[in-house]
Amino acid sequence: MSIAWKEIKKNKVRFSILGSIIFLVSLLTFIISGLANGLSQDNAALIKNLPSGHFYMNEDAEENYNLSRIDGSIREQILHDQKDAVAFSIQMGFLNDESDKQRSVAFVTSTNSKWFEQVAPGEIILDRSLEKEGMKVGDTLTHKQYKSSFVVKKFVDQKKFSHAPVAYINKESYNEIYRVEEMQLLFTPGEDSTQNIKGLQSFSNKDFLNTIPSYSAEQMSLNMIVWFLIVISGMLFGIFFYMMNVQKIGLYGILKAIGVKTSDLFKMMWTQMLFITILSLTLSVGSSQLFNKVAPEDMPYHLTNETTLQLSIVFLVIGFIGATLSGLQIKKVEPLQAIQQGEV
Amino acid sequence: MDIFSIDELRKTFTNGDMKEEILKGINLTLKEGEITALVGPSGSGKSTLLTIAAGLQPASDGKVLFNDINITSMTSEQVRDIRAKQFGFVFQFAHLVPFLTVWEQLSLMLDVSEVKINNEKREQEIDYILDRVGLSNRKHAYPSSLSGGEKQRVAIARAVIHKPKVLFADEPTASLDTKKSKEIMSLIQDLTKTLNITTLMVTHDEEMLSYVDHVVRMSDGRVV
C-alpha cells in the first residue's frame, strides 16, 4: 500500500527508531538462541545427534543414568529383538596425556552399533575438541585405574557430553576402569511407540536430555531469556503503534470521513509493521551470521537456519499481534469526533 | 431537480436521564448544482444537520434521501461507500494527510472513490483541478509548507477531484481572514457550478451568503 510507504518515507526518523529497537532485540534473541543451542550441543551433542527413538534405564535409578544398571538378560533380549538397538554406558572421568596433564572426558562404551564408534582394547577415539587442544593420532593416554594405556586412533566431530569431550573406549577397558559388567542404558531408534519392559523406564530423546545434570536448568534459563525478548519485542510493537495511532486518531477520522475503509487503515499499519520487521530481521540475521564467524572458537555458539527461520516467524507473528491489538482503536475512531477535534 | 431531501429529521442526544432534542423535524431539499447555506446562531443545530445529511452520524428519526434512497436506513458500510463515491467534504480545517504531497492527496481521493482511470488520465484530472485552485506550482509541496489558504484550496480540490454529486462544507472559511474567505467561497462557487455539484454549506459569516443560491436559517433546531 503506497500510502504506508509514503508515511515511512516522510517519517524516517520515527520508523528508524522502531526498526533499530527491533533490530537490537531480535539480534540479541538470535545470539542468545545461538548460545543456548551451542551450549546444548556442548552439553549433549552425543545424545542430540542420535536419531529419534527411546532410551531405557533402570527404574531404580530414579532418572539418574549414573545409577542405572541394565540386567544382562534383558539387554540381550532387546538387542536380539530390536534392529539397531544399542546398549551403552557413559561415565565422567579423567585421562592423563603424555605430559601427564589431566583431561576431563566422558568415557563411552557400547555394543556394536552404527551410532557409536567401535574401538579395540587399548585404543581410544576422541572428540575433535581435544585435537584442537593439541592431541594427535598416535598419542598415548593413561588412566590410573587402567593398567595399560590408550592409543589415540582418531578424532570425531560433535561428540560431547556434559560439556566434556567424549572418549570412546572398548567395553573391556571400560569394565576394567569402572568395574561393572552391566551397561547403563539402552537405546532403540525409531518413532514406534514405547515398549513396556519390566524394570526399565523409557525416555524420549528430549526427556533423556533433561536427565543430564544441568542440561534442563541451563536450557530453561536461556530459553526463558529468548521468550522474554520475544514478548518484549511484541510489546514494543504494540506500544509503538499505539503511540503512533493515538497521534493519528484525527487523521484516521478524517480518512474515514472521506470514505477510506477501516480495513485499508489496518492494511496500512500491517504493511508498515511488515516492512520494518522484515528489514530489521534481515539485518539482525545477517549480523548474527557475522557474529557466528567472528565469535571466539571456544564460545559454544551454534545458530541453525531452522532456528533463525522459526524465530523470524515468531517475531513476525508477535509484531502482527502487537500492532493489531494497538490498532483496535482505529476501529473505534468516529469521523465526526476527528472533525470536531480540529487540525490534524 | 431535487437531488437531496431531508424529511422530518430529528436528533436527540441523551445524557443520563436528560434528553435534549437538537433537531426538531427538519424538512429541506437541495436542487442539483445549487449551493445552499445553513446559517444560524451557535447551538441552532446546523452542523448536526450537515453531519447527519453527510452520513457522519445517525439520525434519531426522519429520512435523508439522496437520489431517492434513504441513507439513514443503510448499513455503515453502504454509507461509507456513498461518502467515498458520491460526496465531497470540506471542513473548517483542511485536515490534509501530513505525509502526502498536494498531488498525492488528490490521487488518494481518486483511489478512495474507486474512480477507474489510467495513469495518464489521472495526471490530467489532478493537474486540471490544481490549475483551477491555483496550486499547479505547489503540487509537490507537503502540507507543512503550505499557508492556511493554500491548505484549504487543496482541501477543496480533494473534495471535488472525484466529481461528487454533493459537497458538504462545514464552516470552510472559519479559520481564514476575510480576503482569503472570499477567495475560497469564490472557488467553491466556481468549481461546483462548473462540475455541477450540489453544495450544502454551514457558515456563520453573513458576508459569504452572496456566493450561495439559497439560504436556510435555523434557530433552536428548526428551520425558520
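Please read these numbers as outputs of a predicted model, since none were measured by experiment. Letters A, B, ... mirror the listed sequences (proteins, then strands); counts begin at 1.
To the nearest 0.5 angstrom, B/Thr101 atom OG1 is 7.0 Å from A/Lys6 atom NZ. B/Ser76 contributes atom OG, which lies 9.0 Å from atom NZ of A/Lys256 (distance to the nearest 0.5 angstrom). Annotation: the span from B/Leu96 atom CG to A/Ile254 atom CD1 amounts to 10.0 Å, rounded to 0.5 Å. Distance NZ/A/Lys261 to CD/B/Glu77: 6.0 Å, rounded to 0.5 Å.
More than 12 heavy atoms of other residues, nucleotides or ligands shown are found within 6.0 angstrom of CG on A/Asp157. With a 6.0 Å radius and a threshold of 12 heavy atoms from other residues, nucleotides or ligands, A/Phe228 has its CZ atom at or below the threshold. More than 12 heavy atoms of other residues, nucleotides or ligands lie within 6.0 Å of NZ in B/Lys11, so this atom counts as buried by the packing criterion. Crowding of B/Asp68 atom CG: a count of heavy atoms from other residues, nucleotides or ligands under 6.0 Å not exceeding 12. Shown here is B/Lys24, whose NZ atom has more than 12 heavy atoms of other residues, nucleotides or ligands within 6.0 Å.
Both the backbone and the side chain of B/Leu56 come within contact range of chain A, each with at least one heavy atom under 4.5 Å from a heavy atom of that chain. Within the 4.5 angstrom heavy-atom criterion, only side-chain atoms of B/Glu114, from C-beta onward, approach chain A.
When each of B/Phe99, B/Phe87, B/Tyr142 is checked for heavy-atom pairs under 4.5 Å with chain A, B/Phe99 comes out on top. Of the residues considered (B/Arg83, B/Gln92, B/Arg158, B/Lys85), B/Arg83 shows the highest number of contacts with chain A, using heavy-atom pairs under 4.5 Å.
The two residues B/Phe91 and A/Ala257 come nearest to each other via the heavy atoms CZ-CB, 4.2 Å. Taking all atoms of both residues into account, the shortest heavy-atom contact from B/Pro98 to A/Leu251 is CD-CD1, 4.0 Å.
A/Phe240 is linked by a ring pair (Phe, Tyr, Trp, His ring centres under 6.0 Å) to nothing, counting only residues two or more places apart in sequence or in another chain.
Between B/Asp111 and A/Val260 there is no side-chain heavy-atom pair separated by less than 4.5 Å.
The stretch residues 315-341 of chain A participates, sequence neighbours left out, in these ring pair (Phe, Tyr, Trp, His ring centres under 6.0 Å) pairs: A/Trp270-A/Phe320.
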